[in-house]
Amino acid sequence: MSIFTIITILIVLSAVFAFINTKFLKLPFTIGLMIIAIAFTLGITALGKINHFFIDEAELLIQSIDFETALLDIMLSFLLFAGALHTKLDALKTLKAPIAAFATIGVVLSTFLVGSMMYVVFQVFGHEISYIYCLLFGALISPTDPIAVLGILKDANAPKKLEVKIVGESLFNDGVGVVVFLVIFKIAQQGIEAVSASEVGLLFLEEVVGGITLGLVTGWLTFQVTKVIDHYETEVIITLALVMGLSGLAHLLHVSGPLAVVVAGIFIGNKSPKIAWSETTHNYVDKFWELIDVLLNAILFVLIGLELLIISAKEEYLIYGLVAIPIALIARFLSLAGPVSIFEKKLDFIPKTNLLMTWGGIRGGISIALALSLETQMERELFLTVTYVIVVFSIIGQGLTIGPLVKKF
């Protein structure tokens with residue numbers, strides 16, 4: 001299939017599913033779209049048993065889409081920038097210490113907790129597996145998905161203090177999570193002796209510090225450029241060029257593109273409306289990125305639903321997926337417990353912060369994309385199925401109940 005055909009099919013499906021959800025289901029946007037997409041996929045599978053044409057065409061569509069590249073290299077930057085643009089720096093400054101702890105220590109600790117608990121589960125069930133592959137799974141499932149989190153928390157009416165923590169952590173922890181994943185992936189490929197502590201430290205500095213620095217520099221330059229003009233069409237195009245150029249530049253310099261985009265988005269979103277943009281420009285930039293956010297979110301969650309076609313339905317794998325759901329939640333709760341206990345009194349956290357952050361930490365497309373990047377010998381099929389089960393439960397189960405849980409506490 002041509003790229004234009006693929007994009008057309010995805011946008012048409014997104015529009016149809018969005019209409020059905022808005023008119024009939026009235027569920028939160030992202031959750032509704034994914035539920036309808038899963039139901040649509042199951043319907044296609046059932047029709048495929050009657051006539052193979054339907055399932056063959058659907059599988060051709062999914063196989064034509066490189067989900068990993070589409071999300072991590074293309075869509076992610078746009079979605080992160082759209083979210084970061086509306087993140088207020090004042091709130092982030094107050095909570096910068098706990099957010100940094102959640103996004104770094106929390107991700108690393110969760111990686112080892114999930115990996116170790118899953119390794120024990122596999123041993124109990126008699127499934128022979130290397131511990132390093134379990135750690136790889138821990139690394140890909142530990143970061144919360146900023147795209148899913150941003151969309152769902154908008155509908156949950158969470159208190160601002162809680163929303164800033166969860167969204168702030170989500171915006172930064174996927175960049176850290178990808179670095180942790182890359183380190184463990186290299187160890188799994190080449191062996192522990194091939195990766196030194198200095199290499200890990202250098203990779204972390206390059207990716208994280210380099211990404212933040214690049215985001216600050218490009219954000220400041222964009223701010224300076226838009227400050228000397230007052231033409232909303234040009235300024236909207238400049239923000240679009242920033243995101244696309246920044247992604248390519250980050251890849252070229254081997255630094256974290258997601259972190260660079262988040263930092264640039266926060267910088268511009270907080271500085272430009274006050275100093276560089278007119279009210280007209282501010283309105284147009286806001287509306288443009290809001291539309292980009294909604295459109296790409298729609299496509300992403302439709303894609304997640306359609307990915308069901310390539311997920312193995314082996315009973316054994318599905319059981320592991322169900323067992324992994326509480327493991328991922330327990331690991332997240334424990335990994336947040338330290339930072340929460342340190343900062344809760346100093347920064348006046350709301351009651352049950354750890355519980356609400358655990359349940360509000362939604363997993364999404366980033367975890368699926370990383371699972372798809374695993375090599376066959378790394379138990380790719382097994383971990384892809386387990387990841388999909390967790391993501392579906394996280395988005396639908398946690399997403400639909402986080403609002404009532406917030407109200408209760």
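- With rounding to the nearest 0.5 angstrom, the CZ atom of Phe67 is 8.5 Å from the CG atom of Leu72.
- The residue from Val178, Ile184, Val180 that alone fulfils the side chain to side chain contact (heavy atoms under 4.5 Å, CB included) condition with Leu182 is Val178.
- Checking side-chain atoms of Asp145 against main-chain N and O of Ile366 turns up a donor-acceptor pair under 3.5 Å.
- Taking the ring centre of Tyr320 as origin, the terminal cationic atom of Lys314 falls outside the region bounded by 6.0 Å and 45° from the ring axis.
- Taken to the nearest 0.5 Å, the CG atom of Leu308 stands 10.0 Å off from the CE atom of Met34.
- With Ile9 as the partner, the side chain to side chain contact (heavy atoms under 4.5 Å, CB included) test is satisfied by one option alone out of Val12, Leu13, Ile7, Ile11: Leu13.
- Here the straight-line distance linking atom NE2 of His254 with atom CG of Leu252 works out to 7.0 Å at 0.5 Å rounding.
- Tested against Leu336 for a side chain to side chain contact (heavy atoms under 4.5 Å, CB included), the candidates Asn354, Thr353, Leu355 yield a single pass: Asn354.
- Taking OG1 from Thr280 and CD from Glu235, the interatomic distance works out to 10.0 Å, rounded to the nearest 0.5 Å.
- Ion pairing of Arg332 with Glu169 is present here, as a side-chain N (NZ or NE/NH1/NH2) and a carboxylate O approach within less than 4.0 Å.
- Taking CD1 of Ile129 as the start and NE2 of His127 as the end, the distance is 4.5 Å to the nearest 0.5 Å.
- The NZ atom of Lys271 lies 13.5 Å from the OG1 atom of Thr222; values are rounded to the nearest 0.5 Å.
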